Amino acid sequence: MEDSNKEPITTEPQESGAPAEQQSFSETPVKKRSSFTSKIGFVLAAAGSAVGLGNIWRFPYLAAKYGGGIFIFTYIILAVTFGFVLMIAEIAIGRKTGESAINAFKKLNKKWAFLGVLCAIIPIIILPYYSVIGGWVGKYFVTFISGGGAQAAADGYFTSFIASPWQPLLFFAAFVTIVFIIVLFGVEKGIEKTSKFLMPALVVLSIGVTIYTLTMPGAAAGVKYYLLPDFKNFSIKTLLGALGQLFYSMSLAMGIMITYGSYMKKENRIESSVHQIEIFDTGIALLAGLMIVPVSFVFSGGNPEVLGQGPGLMFVSLPKVFNSFGPVGGGILGGLFFALVLFAALTSAISLMETVISIIMDKFKLSRRKSCVIAYVGTLLLGVPSALGFGVLKSVSIGDMTILDMFDFLSNSVLMPIAAFLTCVFIGYVIKCKTITDEIELNGKFAMKKFFNVMVKYICPIGIAAILITSILDVAGVFSL
């Protein structure tokens, strides 16, 4: 991942004594473009950017809410089909053009520049409510390190916190301010190097907590619910939830993978890299769910209301697990866990804010400092409704969705599918599949080329459109899923 303190790379060629030569997209761009030093560096960066709250916070509660094993089964099917096709397409677009999303589509076809704009809008919507959740993590981190683990494990603690008229705002503002300061002054290489130790530490800690929870009485029933698919639990909402999580977790349809692809060297194989990213990202999500979902059975007796409580699942169940270690052990374990989750949340938020800042700079030609201030103030203003959506603004809702849920639905279930649908149409019928497959085959045979062509031209756009329309009609109350 490129350091945040760098100015966006200009699309203009460097001055020289001779005119710049016309180049095809498959050749190295005239401008100097930062790149990952190796294939493993690209894979770890792309997978690491995706491993954040989407895996640790969002995946487990969706799995618990939408049928456990059947949700996982649905998600994996979508990941190896829709996810694979969309990710490999976005990375190929980025590497082929050497541009981020806001310019990549325009470079391939000027009439489709609007698609780059759409992909740029999505992070602007996600960053504020994502930061609200980051504030929740910060609250629990402070609670555990200050010796309040028993309080955090008490019934009603989380609900009381998010319903408070000022606490969610305070921690949300603190989280955004930290992100702002880091982005304003730049992300040093030390943070990137540290993340290589902290993220594996999170995995090791998660495995340890999982092993402990699986030894608790009643955990076997939770494991069965989580891992074994029961097709009686399948519904359209299961499919919608899995598809929305696919976009969220894999950073699809929001321009991130296009940008990462633009940093990828031509000699690195795209197909194998995508397989590795999917395995890493999905593996972390499954582990997080295995850590959180079964334990909810232990402390709830399999109560459907607890399983369907949504975003609060990690904040309600895990504190009970940590508290069972005793005040000292639980405090240390809980504090360390939420510190690592907080770090994951911060790195993802930094990436999102940097994307927003780059958009502002490119669009309005402002300095980096002014763009940072605009992004900071805008994030604070847009995030206030989500921060107060469980308390003061609880009455503001659409159906059973809170304000935070509405932003989540708009970005993940509406705008991302639209962007993904248009990307498929763009590749399949505007620039043609061969444009992408030729890029993929620069350094080796594309083993799944026929599968890719069929998926991107027919199955993906039809499937995404059907799911999108069904989702919107459901929320509009035309019919109930």
Side-chain angles (χ1 to χ4, degrees), residues 11 23-27 29 46 78 81-125 243-244 246-248 250-264 270-271 274 355 358-359 362-363 410-442 446 448-469 471-472:
T11 56
Q23 295 188 4
S24 67
F25 289 130
S26 61
E27 297 172 347
L78 290 175
T81 53
F82 285 68
F84 171 80
V85 169
L86 293 172
M87 181 176 286
I88 203 169
E90 291 190 12
I91 291 175
I93 288 175
R95 194 176 76 170
K96 190 172 190 66
T97 61
E99 300 281 358
S100 58
I102 200 165
N103 291 323
F105 291 99
K106 181 179 180 180
K107 190 169 184 179
L108 290 171
N109 188 300
K110 292 183 178 180
K111 294 182 179 179
W112 281 74
F114 71 92
L115 184 51
V117 176
L118 174 60
C119 290
I121 290 174
I122 295 172
I124 296 176
I125 295 175
L243 184 62
L246 182 74
F247 293 135
Y248 194 98
M250 293 188 174
S251 300
L252 299 174
M254 62 177 78
I256 291 178
M257 286 301 163
I258 293 178
T259 301
Y260 272 54
S262 70
Y263 301 147
M264 188 181 191
I270 296 179
E271 185 176 9
V274 170
T355 301
S358 297
I359 293 169
D362 292 343
K363 180 66 177 178
L410 176 63
S411 59
N412 288 277
S413 298
V414 179
L415 295 183
M416 287 185 189
I418 290 176
F421 171 80
L422 292 175
T423 299
C424 291
V425 173
F426 178 72
I427 294 172
Y429 301 97
V430 179
I431 64 173
K432 307 301 182 181
C433 293
K434 190 175 185 299
T435 304
I436 299 300
T437 57
D438 283 352
E439 177 67 24
I440 298 171
E441 292 187 320
L442 283 179
F446 184 14
M448 302 183 71
K449 179 166 41 174
K450 291 183 178 179
F451 173 79
F452 173 85
N453 290 342
V454 173
M455 286 291 296
V456 82
K457 291 183 68 175
Y458 307 110
I459 299 178
C460 281
I462 293 174
I464 293 172
I467 293 173
L468 173 63
I469 293 171
S471 178
I472 294 176

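All values derive from a computational prediction rather than experimental measurement. Throughout, numbering of the chain's residues begins at 1 and tracks the sequence.
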With sequence neighbours left out, the residues meeting side chain to side chain contact (heavy atoms under 4.5 Å, CB included) with Ile125 are Ile121, Phe407, Leu410, Ser411, Leu415
Do you know the tightest heavy-atom contact between Ala419 and Ile122? CB-CD1, 4.2 Å
Check ion pair Glu441-Lys449 (N to O, under 4.0 angstrom): yes
Between the CD1 atom in Ile93 and the CE atom in Met257, the distance rounded to the nearest 0.5 Å is 13.5 Å
Would you say that Cys460 contacts Thr81 through its side chain, given a criterion of any heavy-atom pair below 4.5 Å between the two side chains? no
Atom CZ in Phe82, atom CD1 in Ile459: separation rounded to 0.5 Å? 7.5 Å
With no hydrogens and no angle check, is any side-chain donor or acceptor of Glu90 less than 3.5 Å from a backbone partner on Ala253? yes
Min side-chain heavy-atom separation Thr437-Phe452 under 4.5 Å: yes
In terms of heavy-atom contacts, Asn453 and Cys433 come closest through OD1-CB, 3.2 Å
Mutual orientation of the aromatic rings belonging to Phe84 and Phe451 [parallel < 30°, tilted 30-60°, perpendicular > 60°]: tilted
So, for Cys119 and Ala101, which heavy atoms are closest and what is the spacing to 0.1 Å? CB-CB, 4.1 Å
Passes side-chain contact (heavy atoms from CB on, under 4.5 Å), Val117 versus Phe105? Steps please. CA-CA 9 Å; Val117 176; Phe105 291 99; over 6 Å; no
How long is the gap from CE on Met455 to CD1 on Ile462, to the nearest 0.5 Å? 10.5 Å
Identify the heavy atoms of Ala420 and Ile464 that sit nearest to each other, and give their distance. CB-CD1, 3.8 Å
Spacing of CD1 belonging to Ile258 relative to OG belonging to Ser251, to within rounding of 0.5 Å: 12.0 Å
Does any non-hydrogen side-chain atom of Glu271 lie less than 4.5 Å from one of Ile88? yes
Sole residue of Thr435, Leu115, Val430 in side-chain contact (heavy atoms from CB on, under 4.5 Å) with Asn109: Val430
Minimum heavy-atom separation for Ile440 and Ala92, please, with both atom names. CG1-CB, 4.1 Å
Who are the salt bridge (Lys or Arg N to Asp or Glu O under 4.0 Å) partners of Lys432, not counting sequence neighbours? none
Got a sec, which residues hit side-chain hydrogen bond (donor to acceptor under 3.5 Å, both in side chains) with Asp438, two or more places apart in sequence or on another chain? Lys434
Shortest non-hydrogen contact from Ile427 toward Ala89: CD1-CB, 3.4 Å
Rounded to the nearest 0.5 Å, what separation is found between the CG atom of Leu118 and the CE atom of Met416? 10.5 Å
Hey, could you give me the OG1/CG distance between Thr97 and Asn103, rounded to the nearest 0.5 Å? 8.5 Å
Is any side-chain heavy atom of Trp112 less than 4.5 Å from a side-chain heavy atom of Ile431? no
